[in-house]
Amino acid sequence: MAVPKMYNVHTHIFNFKCVPEGFLSNYLPRAMVSIIGPLLRIGPIAWFFSRIMRAIPVDMVKKYQAFVAIGIRNTPQKVFEEMLAAYTGENVGFVVLPMNFDYMGGGKAPANYLTQLELTADVKRKYPNQCFPFISVDPRMGNAGDILNFVKSYFEPDFKGFHGIKLYPSLGFFPFDERLEKMYAYAEEKQIPVLTHCTRFGAFYAGRTVPPELLLFNSFNKNNITDQRHTQDFYKSFDKMEPKDICDAFLDPVNYYDVLDKFPNLKLCFAHYGGDTEIVKYLKSSGDASQGDISTGYNNDTSWYFIIKDFMAKFKNVYTDISYTLYDTKPNDHVVDAIAKDLQEPSGNRILFGTDFFMTLQEKDERPLYTEFRAALNSTGSNTQPLWENLIYYNNKQFLSSSFYTIP
């Protein structure tokens with residue numbers, strides 16, 4: 001019997017109006033940003049510029065080209081509809097993940113975060129059975145009470161059609177920030193899913209330097225596990241690093257031990273499974289013994305993929321998704337083999353399907369992205385039909401259902 005629906009738990013539909021000009025400094029030299037930033041607000045110029053960028057053989061430029069190519073659409077609804085068109089013939093629901101760029105040190109966007117949420121709500125109203133948006137939370141939005149009230153306003157007294165919480169720590173915060181404690185408590189109580197970016201690539205704090213106050217370890221649940229992690233070499237070298245490298249500290253999955261130790265039943269998804277490079281890194285290592293352990297301390301170069309797997313084994317509500325990572329179907333990397341194997345482990349029912357549209361357009365178009373992954377999964381020799389059905393439906397239904405909404 002075919003599954004009733006396919007769920008993609010990781011997509012983005014914000015357009016170029018939702019990001020500040022400083023966001024470009026994540027991808028382009030700052031000297032260029034001040035010149036071309038205003039021009040990219042003009043549709044025809046942005047279109048022409050995106051075509052030029054295709055021909056520049058620089059990885060970060062290619063990454064930004066994919067964003068420009070979609071971001072010039074005039075509304076998030078147009079972006080959503082372009083994504084939807086890639087799934088012709090499929091009954092699919094999309095988790096849409098807004099991002100709060102207001103505090104990333106990149107200036108003001110024409111459409112601030114609250115406006116982005118309103119535009120996302122418009123898409124939800126037009127596509128109620130296909131659009132499943134989350135809200136993005138940043139501790140700099142206010143104190144713990146402010147943030148709790150903000151989150152609750154989307155669920156109580158009336159459910160507003162937003163299904164979970166998105167975190168993006170590399171924009172400038174640690175996930176154990178004291179201002180997030182009440183939010184986590186509420187999410188655990190109501191089984192609201194929380195999804196956090198967790199790969200060494202993506203957006204990061206856009207200022208020239210990361211302010212020292214953002215680098216303080218003000219955890220609401222300090223313990224020996226993270227204290228030991230923060231004594232390692234990487235954490236002692238912030239003064240010598242660029243923001244894009246420092247921001248790996250915000251994303252480090254070990255930081256979530258403070259959260260899970262206090263809220264062990266929290267539904268928490270580490271997006272991207274740490275990233276395909278982290279899976280390859282682990283597969284090329286000498287195995288688990290070389291990675292360390294949560295109780296004795298992971299090594300400086302422990303794969304984030306291994307840490308996420310370790311957390312999934314220790315906490316029953318920790319999930320991961322394979323968004324972006326699923327593009328890597330190269331046989332020599334063995335990423336798909338690793339995912340197929342993990343899907344058959346006891347924690348395999350907490351691995352979720354997602355693509356990371358539209359960020360993945362720099363790798364592949366959306367339809368070949370997921371169809372080629374499915375074909376690669378089939379080629380592993382595993383009994384892949386139930387694995388695929390779990391990945392696209394049953395696991396996601398379990399993660400996305402909360403006290404306020406049960407996924408059909």
Side-chain angles (χ1 to χ4, degrees), residues 9-10 63 97 166-171 174-176 193-204 225-226 229 232 234-235 244-260 267-294 297-315 317-330 333-343 345 347-356 359-360 363 369 373 377 391 395 399:
V9 302
H10 196 127
K63 289 178 185 292
L97 301 170
K166 171 67 187 295
L167 300 176
Y168 209 106
S170 56
L171 296 181
F174 285 104
F176 48 57
V194 178
L195 185 149
T196 182
H197 179 75
C198 191
T199 181
R200 296 180 189 273
F201 305 100
F204 51 87
I225 301 296
T226 46
R229 181 69 163 181
Q232 292 179 345
F234 172 79
Y235 287 91
K244 66 182 179 64
D245 299 314
I246 291 176
C247 288
D248 279 355
F250 296 130
L251 295 171
D252 185 348
V254 177
N255 291 323
Y256 283 92
Y257 183 82
D258 291 26
V259 178
L260 293 164
K267 279 187 180 179
L268 176 65
C269 176
F270 290 97
H272 316 298
Y273 219 162
D276 64 298
T277 56
E278 293 293 302
I279 295 178
V280 172
K281 175 180 172 181
Y282 171 77
L283 295 175
K284 289 182 177 179
S285 75
S286 54
D288 291 1
S290 68
Q291 302 294 305
D293 180 80
I294 193 169
Y298 299 111
N299 300 322
N300 275 313
D301 60 349
T302 298
S303 164
W304 285 9
Y305 162 73
F306 174 82
I307 295 171
I308 292 169
K309 281 168 57 74
D310 204 22
F311 275 37
M312 290 175 74
K314 292 176 170 62
F315 297 98
N317 276 340
V318 168
Y319 292 73
T320 192
D321 75 40
I322 59 169
S323 61
Y324 208 108
T325 297
L326 84 168
Y327 92 91
D328 189 349
T329 55
K330 297 187 289 291
D333 282 353
H334 301 291
V335 169
V336 179
D337 293 331
I339 293 171
K341 180 181 177 183
D342 291 345
L343 282 165
E345 297 294 330
S347 59
N349 66 345
R350 285 177 275 129
I351 300 175
L352 312 175
F353 172 75
T355 61
D356 205 11
M359 300 301 179
T360 40
E363 311 291 353
L369 181 74
F373 173 80
L377 189 65
L391 188 66
N395 299 357
F399 175 66

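With sequence neighbours excluded, the residues satisfying side chain to side chain contact (heavy atoms under 4.5 Å, CB included) with Leu283 are Ile279, His334, Ala338. Among residues two or more places apart in sequence or in another chain, the salt bridge (charged side-chain N to carboxylate O under 4.0 Å, His left out) test is passed with Asp301 by none. With sequence neighbours excluded, the residues satisfying side-chain hydrogen bond (donor to acceptor under 3.5 Å, both in side chains) with Lys309 are Asp342. Every residue two or more places apart in sequence or in another chain that forms a salt bridge (charged side-chain N to carboxylate O under 4.0 Å, His left out) with Lys314 is listed here: Asp310. Legend: residues meeting salt bridge (charged side-chain N to carboxylate O under 4.0 Å, His left out) with Asp248, ordered by chain and number and at least two apart, are Arg200. The side chain to side chain contact (heavy atoms under 4.5 Å, CB included) check on Gln232 picks up Gln228, Arg229, Asn300, with sequence neighbours excluded.
Side chains of Phe270 and Tyr256 form a contact here, defined as non-hydrogen atoms less than 4.5 Å apart. Counting only heavy atoms from C-beta outward, the side chains of Phe399 and Ile351 never approach each other to under 4.5 Å. Within the 4.5 Å cutoff, side-chain heavy atoms of Trp304 are placed close to those of Leu251. The closest side-chain heavy-atom distance from Pro175 to Thr196 is not below 4.5 Å. You'll find the side chain of Leu326 reaches within 4.5 Å of the side chain of Phe353, heavy atoms only. Counting only heavy atoms from C-beta outward, the side chains of Val9 and Cys269 never approach each other to under 4.5 Å. Between Phe311 and Tyr257, some side-chain heavy-atom pair lies under the 4.5 Å cut-off. Contact of the Thr199 side chain with the Glu278 side chain is not registered, since no non-hydrogen atoms from C-beta on lie closer than 4.5 Å.
The only member of Tyr235, Phe174, Tyr298, Phe234 that meets side chain to side chain contact (heavy atoms under 4.5 Å, CB included) when paired with Asp252 is Tyr235. Test Ile322, Val336, Asp328 against Asp276 for side chain to side chain contact (heavy atoms under 4.5 Å, CB included) and you get one pass: Asp328. Across Tyr282, Tyr305, Tyr319, a single residue satisfies ring pair (Phe, Tyr, Trp, His ring centres under 6.0 Å) together with Tyr273, and that is Tyr305.
Nearest approach of Leu97 to Leu195, heavy atoms of both residues: CD1-CD2, 3.9 Å. Considering all non-hydrogen atoms of both residues, Gly275 and Thr325 come closest at CA-OG1, 3.4 Å.
In this structure, the separation between CD1 on Ile339 and CG on Leu391 is 8.0 Å, given to the nearest 0.5 Å. Distance OG1/Thr302 to CD/Gln291: 5.0 Å, rounded to 0.5 Å. Note that the CG atom of Asn255 and the CD1 atom of Ile225 stand 12.5 Å from one another [nearest 0.5 Å]. To the nearest 0.5 Å, atom CZ of residue Phe204 and atom CG of residue Leu171 are 10.0 Å apart. Once rounded to the nearest 0.5 Å, the distance linking OG1 of Thr355 with CG of Leu369 reads 6.0 Å. In this structure, CG in Asn395 is found 9.5 Å from CZ in Arg350, a value given to the nearest 0.5 Å.
Between Tyr324 and Tyr327, the two ring planes are perpendicular [angle over 60°; tilted spans 30° to 60°].
For the 3.5 Å distance criterion, the side chains of Ser323 and His10 qualify, holding a donor opposite an acceptor.
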Quick one: do Val335 and Thr329 satisfy side-chain contact (heavy atoms from CB on, under 4.5 Å)? Show the steps, please.
CA-CA 7 Å; Val335 169; Thr329 55; over 6 Å; no

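In this structure a side-chain-to-backbone donor-acceptor pair under 3.5 Å is present from His197 to Phe201.
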